[in-house]
Asker: 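Encoded as structure tokens, here's the structure I'll be asking about.
The sequence lines fix the lettering, A, B, ..., with proteins before strands; numbering per chain opens at 1. Only heavy atoms go into these numbers, but all of them, side chains included; no hydrogens, no water, no symmetry mates.
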Protein chains: 2
Amino acid sequence: MGGEAKPLRADARRNRERILDAAEVIVARDGLSASMRTIAQHAGVGLGTIYRNFPTQEALYAEVIIDRTRRLIAEADASLAADDPGAAFFEYLTRIVVDATQKKTLADVLTQAGIDPKAGTADISRDMRNVIERLLVRAQEAGAVRRDLRMPELLALLAAACMAAERDQWSEELRTRTLAVVFDGLRSQR
Amino acid sequence: MGGEAKPLRADARRNRERILDAAEVIVARDGLSASMRTIAQHAGVGLGTIYRNFPTQEALYAEVIIDRTRRLIAEADASLAADDPGAAFFEYLTRIVVDATQKKTLADVLTQAGIDPKAGTADISRDMRNVIERLLVRAQEAGAVRRDLRMPELLALLAAACMAAERDQWSEELRTRTLAVVFDGLRSQR
DNA sequence: GAACATACGGAACAACTGTTCCGGTTGTCA
DNA sequence: TGACAACCGGAACAGTTGTTCCGTATGTTC
């Protein structure tokens, strides 16, 4: 791994942070269709400043998505130590859908679609899937989830819920009722 | 209701059909982000010709979506006479998801989001929901679907599956496995 | 505090988009 | 067949977008 290159100038580092903060807010609101101008304006920065820090829009968005996903993975890691593997599993799935309702682009991370693999989200995407799989296996071993459930359909279900919740802004009640049905399906041994 | 106004000239009528056919193909492929130029090119027609037949892009797309939804509603009507209400219900849901995998914008119809209500898709959207509700009630009365299931979560699930299937191009196997889980959830009486 | 690399802002560019407009063409009907 | 309304194609317009470029300003270092 290469080092930090050269230390950024003070104002440059400050601006970089501002841009990332603004991008997080705007991308959460507008999704992948957020524009660079909007972000620049929200960050109180010129367009050129963004492009000196991030070579391209995709690189900036990838950074935002990676940051956010890292936090979700950390939460999952914590859940792995929970007493009740079944509850931990279902609670984590719910948490992800809640997050998707509030911020956008989460479904992309789960399926790694719609984003150029070169953008660097591939790695974090894999990590995310790995930690979900560990939660799943634990829940299955505890008998809380059907044994024949595999990752592809679990991810498909999760991505589907995230997309719908994100686009249609699921209310808490709708989310609860909808996920209840899905979770029953995940439990049902037949 | 006003009549047909004046009969179109022969070439005008022919072009109108060409435009609708092309739009159906292109919208199925590119979704709501299909461009007017692409459609004009595919229809072998100038841009102005499209705008003489359809006042705006939204109006054209609404027409395409309405045509397509009408066909799906007709299929549902047929299913209402089926012997096994449960099977009819689940088969119809599957058919919708299959359709979504092949053509786009179906999820929009189900939730009526992302499209301006003025565009005229609101009516067909309501019809679609109505016919689904009748299939649901029959299936519930036959004991094939849990009694506490309501339309909001059913539509949310359906829209979610359509969106995911559409975006990620679910394979037949993935669709089968994923819907199996959802359907078990829809059945599970608890 | 001077000198210089570094970083800044935003105008400018190129490539798209939906929509309008108009000179030329073509069906239609007497 | 002639005359005219209806219709055609596509250039042109206005508004986006991502990205580049460069004259100016600023942090850093000696």
Asker: Side-chain N or O of N15(A) less than 4.0 angstrom from OP1 or OP2 on dA7(C)?
Answerer: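 No, because none of the side-chain N or O atoms of N15(A) sits under 4.0 Å from OP1 or OP2 of dA7(C).
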
Asker: Inspect the contact between D11(A) and R14(A) and indicate whether a charged nitrogen and a carboxylate oxygen are less than 4.0 angstrom apart.
Answerer: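 Salt bridge between R14(A) and D11(A), a charged N being under 4.0 Å from a carboxylate O: no.
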
Asker: Taking CD from Q57(B) and P from dG18(C), how many angstroms apart are they, rounded to a whole number?
Answerer: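 One finds 4 Å between P of dG18(C) and CD of Q57(B), rounded.
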
Asker: When you measure only distances, ignoring hydrogens and angles, does the side chain of R9(A) come within 3.5 Å of the base of dA7(C) through a donor and an acceptor?
Answerer: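 Side chain to base: no pair below 3.5 Å.
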
Asker: Just wondering, more than 12 heavy atoms not from R126(B) lying within 6.0 Å of its CZ?
Answerer: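 More than 12 heavy atoms, drawn from other residues, nucleotides or ligands, come within 6.0 Å of this atom.
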
Asker: Mind running a 4.0 Å heavy-atom check of residues 44-53 of chain B against DNA chain D and sending the residues that fall below it, in number order?
Answerer: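 G44(B), V45(B), G46(B), L47(B), G48(B), T49(B), R52(B), in order of number.
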
Asker: Write down the distance between OH (Y61(A)) and C1' (dT17(D)), rounded to a whole number of angstrom.
Answerer: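 My rounded result for the distance is 11 Å.
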
Asker: Nearest-Å distance, CD (Q41(A)) to C1' (dT17(D))?
Answerer: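 Spelled out: CD on Q41(A) to C1' on dT17(D) is 15 Å.
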
Asker: Here's one to test your reading of the geometry: is the NZ or CZ of R95(A) within 45 degrees of the ring axis of F90(A) and under 6.0 Å from its centre?
Answerer: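 No, R95(A) does not lie over the aromatic ring of F90(A).
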
Asker: Give the rounded distance in Å between these two atoms: CE of M36(A) and P of dT20(D).
Answerer: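 It is 10 Å, rounded to the nearest whole Å.
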
Asker: Is a salt bridge present between R70(B) and D67(B), judged by a nitrogen-to-oxygen distance below 4.0 Å?
Answerer: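 Salt bridge: yes.
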
Asker: Hey, are R175(B) and D168(B) close enough for a salt bridge, meaning a charged N less than 4.0 Å from a carboxylate O?
Answerer: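 Not counted as a salt bridge, because no side-chain N and carboxylate O are separated by less than 4.0 Å.
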
Asker: Going by an N to O cut-off under 4.0 Å, is there a salt bridge joining D21(B) and R18(B)?
Answerer: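 So D21(B) does not pair with R18(B) through a salt bridge.
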
Asker: Can you work out whether A34(B) or L8(B) has the more 5'-proximal nearest nucleotide on DNA chain C?
Answerer: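 The residue mapped nearer the 5' terminus is A34(B).
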
Asker: Whole angstrom is fine here: how far is it from CZ in R37(A) over to C1' in dT20(D)?
Answerer: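 Answer to the nearest Å: 12 Å.
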
Asker: Charged N to carboxylate O under 4.0 angstrom, R134(B) versus E141(B)?
Answerer: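 So R134(B) does not pair with E141(B) through a salt bridge.
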
Asker: What is the distance, to the nearest angstrom, from the CD1 atom on I39(B) to the P atom on dC16(C)?
Answerer: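 About 17 Å, once rounded to whole Å.
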
Asker: Between dG18(D) and T56(A), is there an OP1 or OP2 to side-chain N/O distance shorter than 4.0 Å?
Answerer: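 Checking T56(A) against dG18(D): no side-chain N or O falls below 4.0 Å of OP1 or OP2.
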
Asker: Once you round it to whole Å, what is the distance between C1' of dT28(C) and CZ of R13(B)?
Answerer: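 Computing the R13(B):CZ to dT28(C):C1' distance gives 14 Å.
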
Asker: Round to the nearest Å and state the distance from L60(A) atom CG to dT19(D) atom C1'.
Answerer: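 L60(A) atom CG is separated from dT19(D) atom C1' by 14 Å.
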
